[in-house]
Amino acid sequence: MTESTVRIGLVLPDVMGTYGDGGNALVLRQRLRLRGYDAEVVEITLADPVPESLDIYTLGGAEDSAQRLATRHLQRYPGLQQAAAKGTPVLAICAAIQVLGQWYETSTGERVDGVGMIDVTTAPQAKRAIGEVTTAPLLAGLSAALTGFENHRGGTKLGGDATGLARVTRGIGNGVGDGLEGVVQGSVIGTYMHGPALARNPELADLLLARALGVAELAPLPMPEVEQLRRERLRA
Ligand code: GLN
C-alpha cells in the first residue's frame, strides 16, 4: 500500500453483509484497478475501532439481531460519522440505512436508537418486501435505471433533511407509500438494493468513486457482460 492507495472501508462484514453485499467493496476496488489506481479493501470488524481516514465506506444488510450489534459498535466508535461529516462517500445497503438513521423498530416492535447520520426512521410493515426492484434515479449524475433485489420488512420514512435516491418503477422500495427507493443525505447514499448493488449498477459505482477521488466524473469502463446482465434483469 502506498500514499496514493485508495482505501475502501468494508464496515462490519462479520455482522452486516447479506446477499453478497461485501461484493460492493470488491466492485469499487476492481473498477479503480482497471483504471490504474492502487486500491485496497480495509475490513472493519466488531473487533476493530472504525477509522475516519478511509476514502470511501460500504455497509451491507443484516437481520435484526446483527443490525443491533452493528448499531452499538458504530455508536461506540464514531469514525464513520466523522468521515461522512468531512464528505467521504458512504454506501449503505438495506439494514444499514436503518442503522444509520434516527431509529428503527425491529420485527418484534422494539424501538432501537440508530447512529443518527441520516434523517430517516424505520418501522416494520404488514408485508415483507421481497423480489426484484427497478427504479428511475433522482440523484443528479445518474441516468440509467437502477436494479436490485430487495428483502426487508422495515419501511423507511424520509425526514426533511433526506431525499430519495430513486422513484420505484417495479417492486416496493422504501415501502411507506411515497414511491421512493433509497436515501441521499450529504455524502451518504442508501438503498434497499442487494445484488450486490454496485455489480448491477456500474453508474452508481462510478458516481461514488468519482466522489471518493474528488473528480467530476470518470470515463465509463466498457464491460459487455455487465451490460448483458443489466438488460436481462430489466427484461425479467
Ligand atoms: N432486518 C431488516 C428488515 O427486515 C433489514 C433486512 C436486510 O438487510 N435484508 O427490514
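Just follow the structure's listing: the first ligand is 1, and inside any ligand the first atom is 1. Because only heavy atoms are used, hydrogens play no part in the values below, and waters and symmetry mates are left out as well, while side chains stay in.
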Report the C-alpha distance between Arg68 and Glu110 in whole Å, list the side-chain angles of each, state the deciding distance to 0.1 Å, and finish with yes or no for salt bridge (Lys or Arg N to Asp or Glu O under 4.0 Å). CA-CA 11 Å; Arg68 185 190 288 260; Glu110 197 184 337; 3.1 Å; yes

Taking only residues two or more places apart in sequence, or in another chain, which ones meet Thr163 in a side chain to side chain contact (heavy atoms under 4.5 Å, CB included)? Val184

For atom CZ of Arg76, decide whether the heavy atoms of other residues, nucleotides or ligands shown that lie under 6.0 angstrom number more than 12. no

Students often mix this up, so state it plainly: with edges at 30° and 60°, are the rings of Tyr192 and His152 parallel, tilted or perpendicular? parallel

Output block, N or O contacts of ligand 1, threshold 3.5 Å exclusive:
| residue | atom | partner | partner atom | Å |
| --- | --- | --- | --- | --- |
| ligand 1 | 1 (N) | Ala62 | O | 3.3 |
| ligand 1 | 1 (N) | Asp64 | OD1 | 2.8 |
| ligand 1 | 1 (N) | Gln67 | OE1 | 3.2 |
| ligand 1 | 4 (O) | Arg153 | N | 3.0 |
| ligand 1 | 8 (O) | Ala62 | N | 3.0 |
| ligand 1 | 8 (O) | Ala62 | O | 3.3 |
| ligand 1 | 8 (O) | Ala95 | N | 3.2 |
| ligand 1 | 9 (N) | Asn151 | O | 3.0 |
| ligand 1 | 9 (N) | His194 | NE2 | 3.3 |
| ligand 1 | 10 (O) | Gln98 | NE2 | 3.0 |
| ligand 1 | 10 (O) | Arg153 | N | 3.2 |
| ligand 1 | 10 (O) | Gly154 | N | 2.8 |

So CG of Leu221 and CG of Leu218: to nearest 0.5 Å the spacing works out to 8.0 Å

Does a donor on one side chain sit under 3.5 Å from an acceptor on the other, for Thr122 and Thr156? yes

